[in-house]
Structures are given as structure tokens and as C-alpha cells.
Protein chains: 2
Amino acid sequence: MVVRELSDADADRIFHALADATRRDIIARVAREGLSVSALAQHYPMSFAAVQKHVAVLHRAGLVHKERRGREQVVQARPATLRRAIELLEAYERIWRQRVDGIDRLLAEE
Amino acid sequence: MVVRELSDADADRIFHALADATRRDIIARVAREGLSVSALAQHYPMSFAAVQKHVAVLHRAGLVHKERRGREQVVQARPATLRRAIELLEAYERIWRQRVDGIDRLLAEE
DNA sequence: GTAACGTACAACCAAATGGTTGTACGTGAG
DNA sequence: CTCACGTACAACCATTTGGTTGTACGTTAC
């Protein structure tokens, strides 16, 4: 995923990727250090293929990056995408804050 | 949803709720001002029942709050929940930053 | 060279999702 | 009072999701 402006589809993919505890845990693990898919798989009570699918979801969302190293595929975090998601949520928060500020200003003017 | 500490299930619900463009748009609209479900429904190319379901998803996630007013049900934003989601993502970001800081410090010590 | 390892991917399945229509019910306007 | 409005919810359907197993293939260790 190219990370310029967040399209609706991009946001869909990012939030959907975050909406699963296993995937959030994968993000936390690879944020510390890059890990191979099989190394990741050892931590979860599911098949290798299932973990591989979770990584694929994170990859499609642009939250991780895969880099071949020998016969392993090292999964690494892409914090820039996470930042985009945070900024999007903060934009919604700002809309709400504007409204409250508007009310406050209105009250102050009385 | 009570907003103390965010359980995995809470985070699942919140991010799942955010993973849909219609629901994100509903959040933006009700952030400006409370709106009845039918008022919301007019803006989307789908049935009233479909919009009602989207609102229910947002409600279960704690992102909106419903308040009966006469025969209408006014949907309002609950920014505190949004804030929790942002903080959760920032926690992941911090983990990554720690690692980078660690590397920086290591390089600086050489 | 060969066997084991790490990965990729297809096929399959149950459950959840996102939409529909139809029915029922309380409330407020006229 | 009555009827239209706003809501709630069940039943249904197609698609997606999250898991499984099985097969195939490149790479590395020995």
C-alpha cells in the first residue's frame, strides 16, 4: 500500500487488520524486532498457515513489511502506516472538539 | 461498554467498528451534532435497517451513545472511546520507538 | 545430493458480516 | 382517535473471515 493520503479502502484494511487480538500481538512483537513467520507462529495456538494469513492481512494493510532473508521471510513493522491510522482517528476527535469549542465560545459570548 | 482498561474484546469491537467507511462517516456526522437514526439513514444508499445495524455496531463498541428523545433515538458521539483507541495505537507506536531509540543509543555509544 | 526447513497457496468448512424485506410496536401530530 | 413516523428485530441471503489440511517449491544444512 502506498502511503500518501489514506483512501477509504486503505482505512478499511488498516482498521480491519487491527481488529484481531492475534494480529495486534504480531504487530507488538515485530515492533520490537523483525521475526520470521515461523518464529511468530510458535507463539500462537494455531497452524502455521493461519499465522501466515494473519501476516498477509497486516501486509495488505501496509502495517508490516516482509523481507526475504535466506529461506526465511522476516516480518518487520511499518510504523508510518500506524501513524496514519492514529492521525485519521485524531481527525475525527478534532471534529468533535471543534463542536465543543464552538459551544464553549457561544457560552463565553453571553 | 464501560471504559476502564481496554480488553482485547473491547479493542476488537472498536477497530472492527472503525473498519467500515459508512460507520466512520456516521461517527464524523454525529461528532458535529447528535442525529436521529432516520436522519442519518437519509445520507446513505442503503435501507434504514442497514444503517440501524451500523449504529448498533458503533454502539456495542462504545463509540456512540443513544438517547431516546420523543419517538426519535438521537445518536451522539462518545469521544472518550475514540481516545482509548488512539492511546492503544500510540502504545504500539511507542514500542517501536523504544527499539529505534535503543539502536540510536547503541550507535551513539560507539 | 538429499533431507529437512520455511514458505506459499489451494481447497475446504463453519461462523460472522453486511445487506435485504417484512412485521410489530410505541409515540406524537392532526 | 387515528394514522403516519421512527424504531426494533427476526428471517433470510451472498460474501467474507478465520481456521483447517494437504501439496508444492525454493533454500540451506549436512
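First the proteins, then the strands, lettered A, B, ... as listed; each starts at 1.
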### Task
Measure the distance from CE on B/Met46 to P on D/dC13 and round it to the nearest whole Å.
22 Å
### Query
Distance check: side-chain N/O of B/Thr22 vs OP1/OP2 of C/dG18, anything under 4.0 Å?
no
### Query
Taking A/Arg23 for the side chain and A/His16 for the main chain, is one N or O donor matched with an acceptor at less than 3.5 Å?
yes
### From B/Leu82 atom CG to B/Glu87 atom CD, the distance as rounded to the nearest 0.5 Å
10.5 Å
### Task
Check whether any side-chain heavy atom of A/Phe15 lies under 4.5 Å from a side-chain heavy atom of A/Leu18, and answer yes or no.
yes
### Short side-chain N/O contact from B/Gln52 to OP1 or OP2 of D/dC9, under 4.0 Å
no
### Task
Report the residue (B/Val37 or A/Val51) whose heavy-atom-nearest nucleotide on DNA chain D is the more 5′ of the two.
B/Val37
#### Entry: Rounded distance in Å - CZ (A/Phe15) to P (D/dT16)
22 Å
#### Entry: B/His59 side chain near D/dA8 phosphate (N/O to OP1/OP2, under 4.0 Å)
no
### Query
Any chain of hydrophobic side-chain contacts (each under 4.5 Å) joining B/Val74 to B/Val30?
no
### Task
Among D/dT7, D/dG19, C/dG6, find the nucleotide with the atom closest to the side chain of B/Ser38.
D/dT7
## Note on the structure
Rounded to the nearest 0.5 Å, the CZ atom of B/Arg83 sits from the OG1 atom of B/Thr81 at a distance of 12.0 Å
### Message
With clusters defined by side-chain heavy atoms of hydrophobic residues (ILVMFWY) lying less than 4.5 Å apart, directly or transitively, does B/Val57 cluster with B/Val51?
### Response
no
### Task
Working to the nearest 0.5 Å, report the span between CZ of A/Arg13 and CZ of A/Arg60.
9.0 Å
### Message
If we ignore hydrogens and angles and just use 3.5 Å, is the side chain of A/Asp10 paired with the main-chain N or O of A/Ser7 as donor and acceptor?
### Response
yes
### Task
Please report, rounded to the nearest Å, how far the P atom of D/dC5 is from the CD atom of B/Gln42.
12 Å
### Query
Atom CG of A/Asp20 and atom P of C/dT17: how far apart are they, to the nearest Å?
12 Å
### Message
Rounding to an integer number of Å, can you tell me how far A/Gln73 CD sits from C/dC5 P?
### Response
19 Å
#### Entry: Atom-pair distance (NE2 on A/His54; P on D/dT20), nearest Å
9 Å
### Query
For the helix from C/dG1-D/dC30 to C/dG30-D/dC1, how many degrees between its two end axes (five pairs per end), to the nearest 10°?
30°
### Message
If you count heavy atoms of other groups shown closer than 6.0 angstrom to CZ of B/Arg68, is the number above 12?
### Response
yes
### Message
Looking at C/dA10, I'd like to know if its phosphate oxygens (OP1 or OP2) sit under 4.0 Å from a side-chain N or O belonging to A/Lys53.
### Response
no
### Query
Taking side chain as C-beta onward, heavy atoms only, is A/Val75 less than 4.5 Å from A/His59?
no
### Query
Just how far, in rounded Å, is P of D/dG18 from CD1 of A/Ile26?
12 Å
Got a list of protein N/O to nucleotides 21-28 of chain D N/O distances below 3.5 Å?
unit_1, atom_1, unit_2, atom_2, d
D/dT28, O2, A/Arg71, NH1, 3.4

## Note on the structure
Atom CG of A/Asp25 and atom P of D/dG18 are separated, to the nearest Å, by 16 Å
### Phosphate OP1/OP2 of D/dT16 contacted by A/His16 side-chain N/O (<4.0 Å)
no
